[in-house]
Every structure is written in structure tokens, then in C-alpha cells.
Undergrad: 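Below: one structure in C-alpha cells.
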Amino acid sequence: MNERIVVGAALYDDGRLLAARRSAPPELAGGWELPGGKVEPGERCEDALVRELREELGVEAEVVERVPGEWPLAKGYVLRVWTARLRSGDPEPLQDHDELRWLAPDQVWSVEWLAADVPAVTAALAVA
Ligand code: DCM
């Protein structure tokens, strides 16, 4: 069911959106994304998102709402996005990323988002 879904979080704290810069793989390194990752077989998307944010950033987050839409990634994967709220912890780039940035509304387009994340971020801003 969920084999080809990648979940991403539009994670907000204090009105700012978290962007994460990928350190791997080489073709994506340097690009900014909404943090998240692949849903495991049998796992609910929302649970995968909470797990990924814990693993990648060391934080506890609460999923708020689905951002309408679905965006194609490589290899038949699709990206789905939820807005989320930081519950505890201070995000750190523990895996996959080498820099994190909290973006105020007027800074959202100051980073070079990965291609799939451009429409996803646009859609996330429309619901937040
Ligand atoms: N991906 C993306 N944008 C995101 C999250 C992930 O383009 N916001 C892509 C990068 C990888 C794939 O999805 O090709 C799987 O992500 P991960 O390696 O984090 O599991």
C-alpha cells in the first residue's frame, strides 16, 4: 500500500517554517526540503512523519493537517505533506541533512528548495 509514499512535514514553530538541506545522495545534496522520508510497509503516513522527524531531527512533533496534493519524486515515489507543530526538542541535523533553517514568512523562498518541494511548499503555505 504505502511502499511508494514519501511524507514531508511543513513543520512550524513560532510562525516559522523549518527547511532542511540535504547532504545526500549526491544528486540531491545542497537542495532544501521539507524534512521527512519513506513510509514503511504497513505504517500510517502520519506515524511515519512523526518517526522521521524524531530520527532525522531529534524532535517530537504533532501532525496537524494534510496539505492537499501529491507531488512526483524519482523512482515512482510521491511526496505527501502535512503541516506539523514542534512539541519538544530543538531540531538538529542528525541524518541526511547538514543544515537547518527556520524561515520567517518573508524568507520562505530564500533557500533553493528541491524541485518537488517547490509546489509542496507553495501548497503548504496556502493552508498554514
Ligand atoms: N524527497 C524530496 N522532498 C522531500 C522529502 C524527500 O524530494 N521533502 C525525496 C528525496 C529522496 C526520497 O524523497 O529521493 C526519499 O527521501 P529519504 O531519502 O529522506 O527517505
Side-chain angles (χ1 to χ4, degrees):
M1 287 275 285
N2 280 339
E3 301 98 82
R4 300 255 160 205
I5 298 174
V6 170
V7 292
L11 180 65
Y12 286 93
D13 188 44
D14 211 10
R16 297 171 310 162
L17 174 68
L18 190 72
R21 190 173 69 184
R22 287 195 73 105
S23 51
E27 63 273 20
L28 299 178
W32 293 78
E33 67 174 9
L34 298 173
K38 296 184 182 99
V39 178
E40 290 175 358
E43 190 180 33
R44 289 175 66 239
C45 289
E46 292 90 339
D47 293 339
L49 196 55
V50 169
R51 174 183 55 72
E52 288 283 350
L53 297 176
R54 188 182 292 135
E55 290 173 359
E56 291 189 351
L57 308 173
V59 299
E60 294 303 318
E62 177 188 357
V63 174
V64 178
E65 66 176 309
R66 172 84 188 270
V67 173
E70 197 169 80
W71 300 277
L73 300 170
K75 299 180 198 153
Y77 280 86
V78 295
L79 174 65
R80 291 185 186 171
V81 172
W82 279 257
T83 58
R85 194 181 290 138
L86 190 63
R87 287 183 57 199
S88 65
D90 190 15
E92 291 180 84
L94 302 176
Q95 281 180 7
D96 304 339
H97 303 118
D98 60 7
E99 192 180 337
L100 303 176
R101 216 174 272 178
W102 287 109
L103 302 172
D106 67 344
Q107 298 172 325
V108 167
W109 301 109
S110 67
V111 300
E112 208 163 312
W113 295 100
L114 292 175
D117 289 62
V118 171
V121 169
T122 303
L125 294 175
V127 307

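As the structure lists them, so they are numbered: ligands from 1, and atoms in each ligand from 1.
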Undergrad: Take every heavy atom of G37, measure it against each atom of ligand 1, and state whether any distance is under 4.0 Å.
TA: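 Right, G37 reaches ligand 1.
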Undergrad: Would you check if the side chain of S23 reaches a backbone N or O of A29 as a donor-acceptor pair within less than 3.5 Å?
TA: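 No.
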Undergrad: Quick check on the hydrophobic clustering: are L94 and W102 connected, directly or via other members, by side-chain heavy-atom contacts under 4.5 Å?
TA: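 Shared cluster, no.
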Undergrad: Would you say E112 has more than 12 foreign heavy atoms packed within less than 6.0 Å of its CD?
TA: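 Count not over threshold, so no.
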Undergrad: Within this structure, what is the CD-CZ distance for the pair E27 and R22, rounded to the nearest 0.5 Å?
TA: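 Atom-to-atom, E27:CD and R22:CZ are 9.0 Å apart.
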Undergrad: Under 4.0 Å from a heavy atom of V6: which atoms of ligand 1 are those, numbered in the order shown and with their elements?
TA: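 Matching atoms, with element in brackets: 5 (C), 6 (C), 13 (O), 15 (C).
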Undergrad: If you measure from atom 19 (O) of ligand 1 to every heavy atom of R22, E52, K38, Q95, which option wins on shortest distance?
TA: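 Among R22, E52, K38, Q95, the closest heavy atom to atom 19 (O) of ligand 1 comes from R22.
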Undergrad: Would the number of heavy atoms belonging to other residues, nucleotides or ligands and lying under 6.0 Å from CZ of R66 be above 12?
TA: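 Count over threshold, so yes.
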Undergrad: Of the protein's non-hydrogen atoms, which lies at the shortest distance from atom 1 (N) of ligand 1, and what is that distance?
TA: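 Going by distance alone, atom 1 (N) of ligand 1 is nearest to E33 OE1, 3.7 Å.
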Undergrad: Counting heavy atoms only, name the option from L28, L34, D117 that's nearest to atom 2 (C) of ligand 1.
TA: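 That would be D117.
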Undergrad: CD1/I5 to CG/L49 distance, rounded to the nearest 0.5 angstrom?
TA: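 It is 12.0 Å, given to the nearest 0.5 Å.
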Undergrad: Can you find a non-hydrogen atom of G36 under 4.0 Å from ligand 1?
TA: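 It does; at least one heavy atom falls under 4.0 Å.
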Undergrad: Run the numbers for me: atoms of ligand 1, each under 4.0 Å from some heavy atom of L73, listed by number.
TA: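 That gives atoms 2 (C), 7 (O), 9 (C), 13 (O) of ligand 1.
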